**Q** 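Here it is: the structure, laid out below.
We use all heavy atoms of the structure for the numbers below, so side chains are in, but hydrogens, waters and symmetry mates are not. Just so you know, these numbers come straight off a predicted model, no measurement behind them. Quick note: residue numbers are just sequence positions, from 1.
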Amino acid sequence: MRGPHNIWRLIRTGATLERTGAMNVVLAAFNAPPRLRLVARILAWPFKWLGLKGDPALPPATRALTALGPAYIKFGQILSTRPDVVGDELAEQLKYLQDKLPPFPNSIAKQMIEAELGLAVDQAFCEFSEPVAAASIAQVHRAKLADTGEDVAVKVLRPNIERAFRTDIDAFYLAARMIELLSPASRRLRPMDVIAHFEGVVLGELDLRLESSAASEFAANTAGDEGFQVPKPVWYLSGRSVMTLGWAEGLSMADNAAIDAAGHDRRILGARVLHLFLSHALRDGYFHADMHQGNLKVAANGDIIAYDFGIMGRIDEYTRRVYAEILYGFIRKDYRRVAEVHFEAGYVPADRDIDEFARALRAVGEPIFGMDASRISMARLLAYLFEVTERFGMETRTELILLQRTMVVVEGVARSLDPHINIWQVARPVVEGYIAANVGPKAILRDLGRTLRVLSRFGPKLPRLAEAQLIRQAEPARPLIPRDRNPVVWMLAGAGLLAAGVWIGTLL
């Protein structure tokens, strides 16, 4: 579907922002310079009549995003958690996008359930409500299981949602390509890779079998986490377009007044949200990557309940260690070590000056410490960090996009609960605990042991592989075993050294 016809989609995007009055609101929220505002208005104004009208009852930005489609709604959901970036007024307007979108008829939902499960709704459920929440991709109904009477949530995809998402994503690809062509400096941010990553995440969210699997794995990982609950899937009533989960009863994380009235301490809840996210990302390498207020509730006992597992993040152990060391360096104000980690991981080109990079990182980190969080402008902080990365030639790391985006969202949720929260003070015990367990002598010995176990599984094959390699390498005019060209010999020698290292380590 990609092609020049997507130019129409981009033109209509600008036209819709202009027609609904959202253009000024969005540019003002991001503190766009006057020149950029003028250029944007000049480009969009002639096409204003082509823009979508949207629902006049909604505020301008919400009206425009809901009219443009699900991918734009997703973008608005993220912004709704960052009042420090877009302002309190716009953030409050965008909260509408989290779970208050117009639902589709109950009759269509029942038809989709019966087609997916091959079972009549009345046979599966003794009660089935009207939609209780509707978001960009699906809507949720409350029901009771016919066989047990258990309260459950039944999630049903919106009709034709995959096609609608693909339309938006195709336009995003065209926009990314145009950005790369018109601004060569932007290529270090790899906009095409970013959109490809976004596409993979979104398409995975459109298969509810994968979400059921994610809910099951996440529930198992977090079973021992104090103050945290994850509803479990009902597998026999779940499929590609339908998912059934245990019902999550609680107050919306977005309703501060109700949370206060129930006697919950919002400062504790804000710290717990951050603490849980970091624990899941570092300890498990598997985290909820869509933790906005619409996907979180507060139970009567004060537990945080997470649901909607369509977007989950996974990072490997090496990346977790890099991420933890960077956070730990900031917490300790060891900017030199933070810079070294960036260079060691290949995030910054080796030909750049490490001392200059460390000095630039200090300018990013120092304003955070010892200051009330409400006095920190995250928008300005992010703008300066972008300038630093551009100056030092850092490329966008697609494997960290979801982690970074989720950190932004989670911080926004925590700050909505406690405007004075200090993210570094909350993060410190989690990061220090991970560093103590995963960086140091014990971790080195554990890594050597794992490597040796992997090599041992190939033990029966090593003699045959070595013999075949030696026969192929044997030539009359050259040594029987050319040391610089025989990887098997080096692998065997390395295995021996590893075994010796592990043995010596155990003695120590």
Side-chain angles (χ1 to χ4, degrees), residues 98-162 204-253 262 280 286 288 290-291 294-312:
Q98 292 177 1
D99 57 5
K100 296 182 176 64
L101 296 176
F104 56 92
N106 226 24
S107 57
I108 295 178
K110 289 183 176 181
Q111 290 174 11
M112 294 180 67
I113 292 171
E114 292 177 359
E116 179 65 51
L117 303 180
L119 187 69
V121 171
D122 293 340
Q123 290 180 284
F125 309 104
C126 57
E127 293 181 16
F128 190 85
S129 76
E130 292 291 325
V132 295
S136 58
I137 288 178
Q139 67 185 31
V140 177
H141 303 258
R142 185 169 185 171
K144 283 184 180 292
L145 297 182
D147 52 355
T148 66
E150 177 189 353
D151 284 329
V152 293
V154 183
K155 184 174 183 177
V156 187
L157 289 182
R158 287 184 177 273
N160 303 315
I161 187 63
E162 184 170 347
E205 193 175 2
L206 296 176
D207 187 341
L208 295 184
R209 294 170 299 186
L210 298 178
E211 183 172 349
S212 298
S213 177
S216 178
E217 181 178 356
F218 194 52
N221 287 349
T222 62
D225 288 352
E226 185 178 355
F228 189 61
Q229 299 179 26
V230 175
K232 296 181 180 179
V234 181
W235 281 102
Y236 73 95
L237 293 177
S238 300
R240 181 181 179 84
S241 59
V242 177
M243 180 181 70
T244 304
L245 284 171
W247 180 256
E249 183 64 44
L251 302 172
S252 170
M253 189 70 85
H280 300 159
Y286 192 61
H288 194 306
D290 201 17
M291 286 184 69
N295 290 336
L296 297 170
K297 287 186 177 181
V298 182
N301 65 354
D303 285 359
I304 292 174
I305 308 173
Y307 53 97
D308 194 347
F309 309 100
I311 303 179
M312 303 295 291

**Q** Taking the side chain from Asn295 and the backbone from Asp290, do they hold a donor-acceptor pair closer than 3.5 Å?
**A**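 Side chain of Asn295 to backbone of Asp290, a donor-acceptor pair under 3.5 Å: yes, one is there.
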**Q** Identify the two heavy atoms, one from Leu251 and one from Ala262, that lie closest to each other, and give their separation to 0.1 Å.
**A**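 Result for this residue pair: CD1-CB, 3.7 Å.
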**Q** Got Asn106 and Pro131 here, is their nearest side-chain heavy-atom distance under 4.5 Å?
**A**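 Yes, side chains in contact.
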**Q** Tell me if a side-chain donor or acceptor on Lys297 pairs with a main-chain N or O of Ala248 at a distance below 3.5 Å.
**A**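 Yes.
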**Q** Are side-chain heavy atoms of Phe309 and Ser216 found at a separation under 4.5 Å?
**A** no
**Q** Please list, chain by chain and in numerical order, all residues satisfying ring pair (Phe, Tyr, Trp, His ring centres under 6.0 Å) with Phe104, sequence neighbours excluded.
**A** none
**Q** Where do Ile305 and Ala299 come nearest, in terms of heavy atoms and distance?
**A** CD1-CB, 3.7 Å
**Q** Verify the neighbour count for atom CG of Asn160: are there more than 12 heavy atoms of other residues, nucleotides or ligands below 6.0 Å?
**A**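 Counting neighbours around CG of Asn160, 12 or fewer heavy atoms of other residues, nucleotides or ligands fall under 6.0 Å, so no.
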**Q** To the nearest 0.5 Å, tell me how far Arg209 CZ sits from Trp235 CH2.
**A** 10.5 Å
**Q** Are Ile137 and Arg158 packed together at the side-chain level, in the sense that at least one heavy-atom pair is separated by less than 4.5 angstrom?
**A** no
**Q** Scan residues 126-145 for pairs that pass ring-ring contact (aromatic ring centres under 6.0 Å, His included), counting only residues two or more places apart or in two chains.
**A**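 Of all non-adjacent pairs touching residues 126-145, those that pass ring-ring contact (aromatic ring centres under 6.0 Å, His included) are Phe125-Phe128, Phe128-His141.
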**Q** Return the minimal non-hydrogen interatomic distance between Val154 and Ala143, and the atom names on each side.
**A** CG2-CB, 4.0 Å
**Q** Applying salt bridge (Lys or Arg N to Asp or Glu O under 4.0 Å) between Arg240 and each of Glu211, Glu116, Glu162, report the one that passes.
**A**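 Option passing the salt bridge (Lys or Arg N to Asp or Glu O under 4.0 Å) with Arg240: Glu162.
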**Q** Can you measure from OH (Tyr307) to CH2 (Trp247) and round to the nearest 0.5 angstrom?
**A** 8.0 Å
**Q** Return the minimal non-hydrogen interatomic distance between Ser238 and Leu117, and the atom names on each side.
**A**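 Closest heavy-atom pair between Ser238 and Leu117: N-CD2, 3.9 Å.
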**Q** Find out whether Leu237 and Leu119 are in side-chain contact, i.e. whether some heavy atom of one side chain is under 4.5 Å from a heavy atom of the other.
**A**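 They are in contact (side-chain heavy atoms under 4.5 Å apart), so the answer is yes.
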**Q** Does the Ser212 side chain pair with the main chain of Leu208, one donor and one acceptor, at a distance under 3.5 Å?
**A**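 Pair found, side chain donor or acceptor close to backbone of Leu208.
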**Q** Please name the pair of heavy atoms, one in Gly246 and one in Glu150, separated by the smallest distance, quoted to 0.1 Å.
**A** CA-OE2, 4.1 Å
**Q** Just how far is it from atom CG of Asp207 to atom OG of Ser213, taken to the nearest 0.5 Å?
**A** 10.0 Å
**Q** Run the side chain to side chain contact (heavy atoms under 4.5 Å, CB included) test against Asn221 and tell me which residues pass, sequence neighbours left out.
**A**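 Glu217, Asp284, Tyr286.
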**Q** Would you check if the distance from the ring center of Phe228 to the ring center of His288 is below 6.0 Å?
**A**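 When the ring centroids of Phe228 and His288 are compared, they turn out to be at least 6.0 Å apart.
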**Q** Can you find a heavy atom in the side chain of Lys155 that is under 4.5 Å from one in the side chain of Leu245?
**A** no
**Q** When you measure from the side chain of Thr244 to the backbone of Val234, do you find a donor-acceptor pair of N or O atoms at a distance under 3.5 Å?
**A**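 No, because the side chain of Thr244 does not come within donor-acceptor range (under 3.5 Å) of the backbone of Val234.
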**Q** Could you report the tightest heavy-atom contact between Ala215 and Pro233, atom names first, then the distance?
**A**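 Closest pair (atom of Ala215, atom of Pro233, distance): CB-CD, 4.2 Å.
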**Q** To the closest 0.5 Å, what do you measure between CG (Asp225) and NE2 (His280)?
**A**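 It is 4.0 Å, given to the nearest 0.5 Å.
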